[in-house]
Amino acid sequence: MGINTERDIQANLQIGPTDHGMVRLFIEADGIEIPMDFEPEEAEEIAEEILAAAQAARAVKG
């Protein structure tokens with residue numbers, strides 16, 4: 001499975017700070033819970049990657 005492989009799976013994504021000063025991405029799907037904790041600097045890098053991907057997706061789309 002690659003990034004371009006479509007799947008028929010629904011998932012919920014929550015993003016927020018933890019009480020330990022981390023940024024948590026919490027993914028829940030089909031009874032599976034995946035907490036992913038990142039240092040604030042790592043979270044900022046991920047945010048930059050998401051913004052770059054959104055910009056690239058817009059270029060492909062239009």
Side chain to side chain contact (heavy atoms under 4.5 Å, CB included) with Arg58: which residues, sequence neighbours excluded? Ala54
Ile3 meets the side chain to side chain contact (heavy atoms under 4.5 Å, CB included) criterion, sequence neighbours left out, with none
Cluster companions of Leu51 among Ile, Leu, Val, Met, Phe, Trp, Tyr (side-chain spacing under 4.5 Å): none
Partners passing side chain to side chain contact (heavy atoms under 4.5 Å, CB included) against Ala53 (at least two apart in sequence or in another chain): none
On a heavy-atom basis, the closest approach of Ala43 and Phe38 is N-CB, 4.2 Å
Quick one: list whatever passes side chain to side chain contact (heavy atoms under 4.5 Å, CB included) with Glu48, sequence neighbours left out. none
Ile50 reachable from Met36 in the ILVMFWY side-chain graph, under 4.5 Å edges: yes
Could you tell me the separation between the CD atom of Glu39 and the CD atom of Glu45, rounded to the nearest 0.5 Å? 11.0 Å
Here the salt bridge (charged side-chain N to carboxylate O under 4.0 Å, His left out) pairs for residues 15-30, sequence neighbours left out, are Arg24-Asp37
Value for CG (Leu13) from CD1 (Ile27), rounded to nearest 0.5 Å, stands at 6.0 Å
Closest approach of Ala29 to Ala11 (non-hydrogen atoms, all atoms of both residues): CB-CB, 3.7 Å
